[in-house]
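What follows is a set of notes on a single structure, which appears directly below.
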There are 2 protein chains.
Amino acid sequence: MTDERYRVQSLGRALDLLERIADSGQAGARLTDLARDIGLSKPAAYAILATLRARGVVTDVGEGMTRRYRLGLSLLRLGDLAVANTGLADVALPVLRDLTQEIGMTSRVAMMDDGFAVVIGRVDAPGAIRFDAALGRREKPHCSGVGKVLLAAMPRPAALALLERVGYPARTPKSLTSIVALSDDLDRIVARHYAIDDEEDHEGIICVAAGVFGRGGQTLGAISVTTLKQLLPLEQVATIAEPLVRHADLISRALGGPSAQEAWALRPLTEARL
Amino acid sequence: MTDERYRVQSLGRALDLLERIADSGQAGARLTDLARDIGLSKPAAYAILATLRARGVVTDVGEGMTRRYRLGLSLLRLGDLAVANTGLADVALPVLRDLTQEIGMTSRVAMMDDGFAVVIGRVDAPGAIRFDAALGRREKPHCSGVGKVLLAAMPRPAALALLERVGYPARTPKSLTSIVALSDDLDRIVARHYAIDDEEDHEGIICVAAGVFGRGGQTLGAISVTTLKQLLPLEQVATIAEPLVRHADLISRALGGPSAQEAWALRPLTEARL
DNA sequence: TACGAAGTTCTGTATTGTGGAAATATGTTT
DNA sequence: AAACATATTTCCACAATACAGAACTTCGTA
């Protein structure tokens, strides 16, 4: 399965095309550009696009020379099913609505997927600045609140190995860019039961995150709230952390898991088990 | 583009596999079953799955003989982008939250895509029964509220041609299953500015829908509210239609379009233009 | 009206996706 | 505990098919 030999080349190309089309956004992409960008002949790209179009994976607007390709809506169903399968978003979203209502901040739910923190649900605060919380975005774990919570919940050696694998580049001047600093921060997270992303991913943005746990204390995901740093200076984070963790506990409870208090106390045990 | 010759077979197979995996849901699907179901050898299916897995399009759980394939989260990003590209959901969802809050019913926003009504956003009513409102679901237009509104907004010949193309099978005893009955209903929708799906898709479920219009009065989509028929008998639909249309107008307005009142009055003109 | 630039179709060829069979790993039964 | 059954993974050879180049068509533009 790891063997690179057993792959389907044309399918890989099709996925490359999809990524390109995704990047082109609302404007759409042209056949010629798409073909050139991924290094494929026009007829080859044409055949792939025709196949994707027939299945609704891409849509085309315009005729003839002005044709543009955009992402099709059939992807939506698959994406939504993928999220539904996690069993987390459905439970979390109503709770996040409460949370956002209570504290007036945008909230999200995310989970670990192949070493990245992936946002699987969001509730925008009414009237708030729109934070870039695109669903499905894969963020490196070291600079996001949810990412760091999920790392802290892992056995430490595994967490550090993961950091080495996906990397931990600086995104802002405040990003943590050494294993030592990151490991220290994970210690703090374990101790206080929540993580703080203090302008580590985006300047001016602060983020507080707490874990969600399932049966046996296994980590299922994390929720977070995001706001402008100037609206939430560090010394006030604790006042936000309380409702955050309380709502995270509600989700954990609904999923048959322990509260944050119990889960983090359990952690050394689960770690030793590895 | 219509020519069936210019397709990539292996890519089509991969999409078939994805559909199967989607059907298998949370439980996941096995390689052997997937290969058999779509009539492919195990090694061929294996190569396709390996490719999809490497890209996060599918995930696998379990090792060796117990390996199961499920939809991966990378689809989420693409699906979300596809919706964002429509420019409709982002505007509609906050308004739908208001609407759901005001009348306590689950609301949705949908648009036409290749002859089908596709749900691109939903807001569940708190505590309500969970209606099957999976995002991206493609429903035939004749038996859904949003579908019928969108049909009514089309030039009538085009609407009827579309109905013939995708079919209009009975889903319940109350489904409209003749062109005459459907065309009559479209007339009523044009007159009253909203559509009623009175247990035509699902017994015991009633649905009221109104159109959303953009610049120049073009139809962008439709929103709907859903509830149990016993909670909303026909004679009370009008009381729901008022806030429904009012909120639809808010969305249209935000998108630079006319109110329902104006849009439906404009309709004969746009129809004549074809 | 001619030109250029894009999409579409055609066709031969080499790549590669495919099925059969064998090997390996895993779970189950005796 | 050993033999069996079942599923995945690997190997290999061949035929199918994905691909590039060139020709054709269509459309926008000078």
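Predicted model, so just to flag it, every value in this text is computed and none were measured. In what follows, every chain begins at residue 1, and chains take the letters A, B, ... in the order their sequences are listed.
- Side-chain N or O atoms of B:R68 include none that pairs as donor or acceptor with a backbone N or O of B:A27 at under 3.5 Å.
- For the side-chain contact (heavy atoms from CB on, under 4.5 Å) test, residues two or more places apart in sequence or in another chain that qualify with A:R36 are A:D33.
- Residues satisfying the side-chain contact (heavy atoms from CB on, under 4.5 Å) criterion with B:Y168, sequence neighbours excluded, are B:H142, B:L163, B:E164, B:I179, B:L182.
- The backbone N or O of A:L150 lies less than 3.5 Å from no partner atom in the side chain of A:T219, so there is not a single donor-acceptor pair.
- Rounded to a whole Å, the CG atom of B:L34 is 12 Å from the P atom of D:dT9.
- Between the side chains of B:R156 and B:S183, a donor-acceptor pair is found at a separation under 3.5 Å.
- Across the protein-nucleic acid pair, A:Y6 atom OH and C:dG19 atom P stand 15 Å apart, rounded to whole Å.
- In the region residues 9-23 of chain A, proximity to DNA chain C at under 4.0 angstrom, judged on heavy atoms, holds for A:Q9, A:S10.
- Checking A:E63 against A:I48, the closest nucleotide of DNA chain D that is more toward the 5' end is the one next to A:I48.
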Please write out the pairs of protein N or O atoms and N or O atoms of nucleotides 1-7 of chain C separated by less than 3.5 Å, giving the distance to one decimal.
unit_1, atom_1, unit_2, atom_2, d
C:dA6, OP1, A:R30, NH1, 3.3
C:dA6, OP1, A:R30, NH2, 3.2
C:dG7, OP1, A:L31, N, 2.9
C:dG7, OP2, A:T32, N, 3.0
C:dG7, OP2, A:T32, OG1, 2.0
C:dG7, N7, A:K42, NZ, 3.2

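- Among residues at least two apart or in separate chains, side-chain hydrogen bond (donor to acceptor under 3.5 Å, both in side chains) pairs with a member in residues 77-87 of chain A are A:R77-B:E19.
- Note: CG (B:D37) to P (D:dA7) measures 13 Å, nearest angstrom.
- Taking atom CG of residue B:L40 and atom C1' of nucleotide D:dA16, one finds them 13 Å apart after rounding to whole Å.
- Applying the salt bridge (Lys or Arg N to Asp or Glu O under 4.0 Å) test to A:R138 and every residue at least two apart in sequence or in another chain returns A:D113.
- The closest donor-acceptor contact from the side chain of B:D249 to the backbone of B:A260 lies under 3.5 Å.
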